[in-house]
Structure formats: C-alpha cells, structure tokens
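Remarks on the structure that follows.
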Amino acid sequence: MLDIKFIIENREAVEKSIAMRHVTADLDAVIAAYDRFRETKQALEEKQAEANQVAKTISKADPAERPALIERGSALKAETSTLGEKLAGYEAEFQELMLTVPNTLPDDTPEGKDDQANIEIRKFMEPPRVNFKQKDHIELGKSLDLIDFEGGAKVAGAKFYFLKNEAVLLEMALQHFAFKKAIERGFIPLQTPDLARNDVLQGAGFAPRGNESNTYRIEDQDLSLVATAEIPVGGLHANEILPEEALPLRYVAWSHCFRTEAGAAGQASKGLYRVHQFSKVELYAFTTPEQSAAVHEEMLELEESIYQDLKIPYRVVRICAGDLGAPAWKKYDIEAWMPGKGENGEYGEITSASNCTDFQARRLNVRYKDKASGKNRFVHTLNGTAIAMSRTPIAILENYQTDRGTVIVPEVLRPVMGIDEIFPKNGAVADATQKAAG
RNA sequence: GGAGGGGUGGCAGAGCGGUUGAAUGCACCGGUCUUGAAAACCGGCAUGGGGGCAACUCCAUCGUGGGUUCGAAUCCCACCCCCUCCGCCA
C-alpha cells in the first residue's frame, strides 16, 4: 500500500505506474474517498472534543447544573455515534480503493504487458547441444521412479504428488545446500508456520479471498495455508519498530507453499512446474530505504551463485512493468534451461527477487527508528527465491540426464545425497509390491 | 479440550468510573560537576492523525472488537495471546 499523501503529491508517477502495469486504479476516486473520509473524521473529532469538554465539566459542576450538562452529553453521544458509523463506512471504501493502487516504478523499468517483454540481462552457460532425445522430468520421474503423480492424485487430487526414492534425498540436499550458502552470507535460518492469519496474508499483499485469490483457506478459522514463506516472514515483525542497527535483517526461510492455481489448467503446467503444494527456501530482508537496492542485488547474486554451483544454464531477466506484482517496485527472475519444456527446451522461471520498497512494510506496519532524525520510518522489504523444490528438480533432472537414461547428481549435492547417479528402477518396485501383495 | 491467573509506554511495574496519556524505577537523550569516565544532580523522553508560519492545540490509542455511562486503563460481553495445572499427543 502506498501513502495517500504520497499519491496526492506524486500523482504523475503513480498514474504512470498504473498505466505501465496495465492495471486499473482510479486515483480521482481514491482521492475523493480520502477527502470524504478526512472531512467526516474532522467533523467527528470536533464533536468528540466537545463531548470530552462536557464530560470534564460535569465532575466539577454544581449539582444543580448537572442534569443539563448530562443531557447535552447524551445528545453529543448520539451525534458522535452516527458520525462514527458514517466514518467507518467511508474508511472501508477508502481502504478498498487504496488496495487497487500498485507500487511505483523505477525510471528504467522495461515497458510491456506480460512476460514476453521481460528483458534478458545476462546468461550463464549455453543450453548444451546433445545428440540424444532428452526426456522431460515427467518421463524421467517415471523411469527413475522419483515422482508419483498418480499416487498424489489418488490421495489429494490432481497436481499433488509423492516424491520418492532419490527425489526425496535430492530435495533434502537442495535445502541443505541453499541454507548453507545463505547462512554463510549472514541470512538467519527459519522454518515458518505453514498457516497464517488472513490479515498477515493481506499485509504481505496476498488476497485471502476473492476471484484472484490463489490461497487455500481453513474453514471456520481466520487462517490460510501460506503460498510462500514470504507471508509468515513478512508478518514476523508486523507492528514492530526495529532498531536501525538490526538492519539489514536477512532471513532464509523454509516453508511449504500451497496454491490453488484455480484456472491454471491450460498454462504451462506439466508435471511439477505448477502444482498445489511444494516446498521452497525463500530469502527475505528488512532494510532501510538506503540499503534496499544493494540488498536486492546481493540477493540476486546469491541466487545466481546457487545455480552456478549447480551448473544449470540460466538467464537473468528484468521483469517488465506489466509482469510485476502490485507490491514489487523492481524484480528480477532467474530462468533455468529446461530441456523438457516446450518443443525443444525453453527457459523456465525458477527464482525471483523483488524489492517491494515500503509498499509491503506500510501494510504490515514494520518500521525502524532512524537514528539521525529520531523518526520512525517504514522499512523496505525484499524477497527472493533461493530454491523452489518443484522447479529446481525439474532443471536438475532434465539437464543432468544421460543417454543411458540415468541422471548424474550435481557435484555439490553429492556429499549430502550420498550418491553420484540415479538409475532406472526397471519395475523393481512394482515387482516388490506384487510380491508383498502375493 | 477442561480449570485457574494474566496482557498497561523501549523494558520493569503502579493505577477508588471523573484534573491518568497514564505514578515510580531502569534504559535512552541533553546539561552541570570531573583531567577523563563513573556516581550524583538538573532537564527531556509514547505512537498515529488533524489544524496552525509558529508558540501551540485538538482527536485516537492501556491485547483486539463490541457494550454500559455525560465520562472507561478501571465495569460487562466476545475473541486473540501468554503463564500454571489436568487431559490428549509427535
């Protein structure tokens, strides 16, 4: 959420952002709602002042004068009560409209309405040329007996899955690897609640309900399953005033991620690419306004170094205005080469890194005490993916497959996984199951 | 899940329904003293919002939301959280 005063004073910049992002937000309506809210509030405060005055007088008033004063107080009470109701309505309308206004944009934001307009800014490794037909991760998952989508569907429905055999070790090794690298750089490790209160979701900029909502809600409770650790970690310091010395405060957090993905059936969503549940190692930082740009670059650098160590070909893209989420001021994605995506392989989004400036902090109400001025100011928040356990394994399986149908284990993961290569199972498990049944 | 206790300023901790936005202590900031520091002493010190060039002034906030009352930190109701005990449990 932006500051209404900022919107009024920087109207052009906000209008420009709305236009560039291709979203609809009516600033005239927002400002009109604010004026209505503020005028009503002023009227209410005048009545409250008078009521306070009367109440104060009564305690010292002559007994003979009291009945008249009490009557006056009663009348004022009725008036403030009516005005209060009116004000609550105006405030709700105003807040509602404020939610439609996105963050502003840096001047160098690429124009464009969707991911087609994102700008590639650099590349690591070239997609390798191989002389055999590469399989996608679904086939590999089947032949190596690593991912059981049928089982997932049986238990929880489509887009759920079981990880199995080496895939389980792969996930654990990736987690460990990502945590180790982030901790080395001063990130504080966390494991978060997988559920969060709806106001925390809202504060982080996620809609707990409504058409565009991507979240699972808990029936009869004020809780939702988190879509990312960004939600609980953002909420961790909600309504706090952090000491300036604590900033930048960097976390690396593991959580499950739950997404309803309503209406996503037609999109690039084969296999593990778009699922209802996965786990993720997320980076999150609270910074001063002065620090956020540098921490953003640092986050991206950490993400890149993870994929460099894993030796997965990738490219970094700068996200265009139309492809940014409302809270994001600036955002990079890393897209990994996925040989099984599309006809002959495509780059697929594997991480992102966003600087939300104070947009998220304002709603979460996370501030810090600025030493120089002694003032409380909103922090900046940033979030980024270290490793998404659904998509990174796709890239590993598809890039590390051999013409023998095996998958080589990336060198940096071998110590934790304890193996160098993943071999086809040749129905061994099915045989075992049959034997057990017989 | 059951029974009891409790949530007050950065922290600790007072607070008969009416000069309590809130005593006191600690911490913090400024000053006096000191060669310097400590101690002592003096002064300042919640947040958000509105109005005013300013001095200043008004409104809201004592877990959250309702209620009673002319007036609520103080009384009533609901909810949330914390602590103790019991039950269940990885």
Side-chain angles (χ1 to χ4, degrees), chain A residues 1-9 30-95 97-98 191-203 208 217-224 231-232 235-247 249 254 256 286 358-379:
Chain A
M1 188 168 61
L2 289 176
D3 179 1
I4 182 63
K5 282 188 185 164
F6 177 88
I7 294 175
I8 292 167
E9 285 163 19
V30 174
I31 293 167
Y34 174 64
D35 287 340
R36 198 158 52 232
F37 162 70
R38 199 172 42 112
E39 280 160 20
T40 309
K41 191 170 180 193
Q42 278 169 1
L44 173 64
E45 284 183 1
E46 275 173 38
K47 292 292 174 195
Q48 283 173 326
E50 197 182 339
N52 288 345
Q53 215 37 54
V54 171
K56 220 178 258 181
T57 320
I58 289 175
S59 60
K60 327 175 221 186
D62 197 273
E65 294 169 354
R66 287 197 180 193
L69 286 167
I70 287 172
E71 196 177 322
R72 177 69 190 135
S74 256
L76 282 165
K77 188 163 101 167
E79 288 179 58
T80 55
S81 158
T82 312
L83 269 173
E85 278 169 36
K86 224 165 129 186
L87 182 68
Y90 289 157
E91 182 168 18
E93 280 172 33
F94 167 56
Q95 292 296 339
L97 286 165
M98 283 296 280
Q191 288 191 358
T192 79
D194 284 338
L195 283 77
R197 294 195 149 86
N198 289 324
D199 62 315
V200 175
L201 292 247
Q202 224 147 37
R217 292 175 59 200
I218 304 296
E219 196 179 2
D220 296 332
Q221 299 207 44
D222 189 32
L223 293 169
S224 296
I231 293 167
L236 177 60
H237 294 296
N239 303 313
E240 285 184 23
I241 298 168
L242 302 166
E244 188 177 338
E245 309 85 77
L247 305 177
L249 183 55
W254 180 90
H256 285 110
F286 300 89
D358 62 2
F359 192 89
Q360 213 175 36
R362 186 168 288 108
R363 298 202 58 196
L364 289 169
N365 191 26
V366 185
R367 293 172 295 170
Y368 75 100
K369 188 167 282 290
D370 181 62
K371 275 200 153 167
S373 65
K375 291 273 186 200
N376 295 329
R377 298 165 74 195
F378 288 108
V379 299

Which one is paired to B/A39, where only Watson-Crick or G-U wobble pairs with both distances under 3.5 angstrom count? none

CZ on A/Phe359 to CG on A/Leu2, rounded to 0.5 Å: 5.5 Å

Please state the P separation for the pair B/G10 and B/G5 - nearest whole angstrom. 28 Å

Is B/C11 paired to anything, Watson-Crick or G-U wobble with both distances less than 3.5 Å, and if yes, which nucleotide? B/G25

C1' spacing across the pair B/G6 / B/U20, given as an integer number of angstrom: 22 Å

Provide the Watson-Crick or G-U wobble partner of B/G4, both distances under 3.5 Å; none if there is no partner. B/C83

Near RNA chain B, counting only heavy atoms under 4.0 Å, which residues of residues 64-75 of chain A show up? A/Ile70, A/Gly73, A/Ser74

Taking B/U57 as the reference, what is the distance to B/C42 when you measure between their C1' atoms (whole Å, please)? 28 Å

Please compare A/Lys369 and A/Arg38 by the position of their nearest nucleotide in RNA chain B and report the one closer to 5'. A/Lys369

For B/A55, which nucleotide in any strand shown is its Watson-Crick or wobble partner with both distances under 3.5 Å? none

Min side-chain heavy-atom separation A/Leu44-A/Thr40 under 4.5 Å: no

Under 4.0 angstrom, heavy atoms only, what part of the nucleic acid is A/Lys47 near: base, sugar-phosphate, or nothing? nothing

The residue, A/Ala55 or A/Ala49, whose nearest nucleotide of RNA chain B is more 5′ is A/Ala55

Contact between A/Leu87 and A/Phe37 at the side-chain level, heavy atoms closer than 4.5 Å - yes or no? yes

Do A/Gln221 and A/Leu195 have side-chain heavy atoms sitting under 4.5 Å apart? no

Nearest atoms (heavy-atom pairs only) where A/Leu201 meets A/Ser224: CD1-CB, 4.0 Å

Side chains of A/Glu50 and A/Arg72, heavy atoms from C-beta outward: is any pair under 4.5 Å? yes

Nucleotide paired to B/U61 in any strand shown, Watson-Crick or G-U, under 3.5 Å: B/A46

For B/C83 versus B/A12, give the span between their P atoms, rounded off to a whole number of Å. 14 Å

Say we look at B/G13 and B/G25: how far apart would their C1' atoms be, to the nearest angstrom? 8 Å

G-U wobble or Watson-Crick pairing nucleotide for B/C88 (cut-off 3.5 Å, both distances): none

Is a side-chain donor or acceptor of A/Arg362 paired with a backbone partner of A/Met1 at a separation under 3.5 angstrom? yes

Relative to the ring of A/Phe94, is the ring of A/Tyr34 parallel (under 30°), tilted (30 to 60°) or perpendicular (over 60°)? tilted

Remember a base hit wins even if backbone is also touched, and classify A/Lys56 as base, sugar-phosphate or nothing at under 4.0 Å, heavy atoms. nothing

With heavy-atom distances below 4.5 Å as the criterion, would you say the side chains of A/Val379 and A/Arg367 are in contact? no

Using atom C1' in both nucleotides, what's the gap between B/G9 and B/G4 to the nearest angstrom? 29 Å

All heavy atoms of A/Lys47 vs all of A/Thr80, minimum pair found to be CB-CG2, 3.6 Å

Both distances under 3.5 Å, Watson-Crick or G-U wobble: report the partner of B/C33, or none. none

From the 5' end of RNA chain B to its 3' end, which nucleotides mark the outer limits of contact with chain A, defined by a 4.0 Å heavy-atom distance cut-off (strictly under)? B/G18 to B/C81

B/C41 to B/G48 separation - P atoms, rounded to the nearest Å: 32 Å

Need one value for A/Tyr368: base, sugar-phosphate or nothing, where a base atom within 4.0 Å counts as base even if backbone is also close, heavy atoms only. nothing

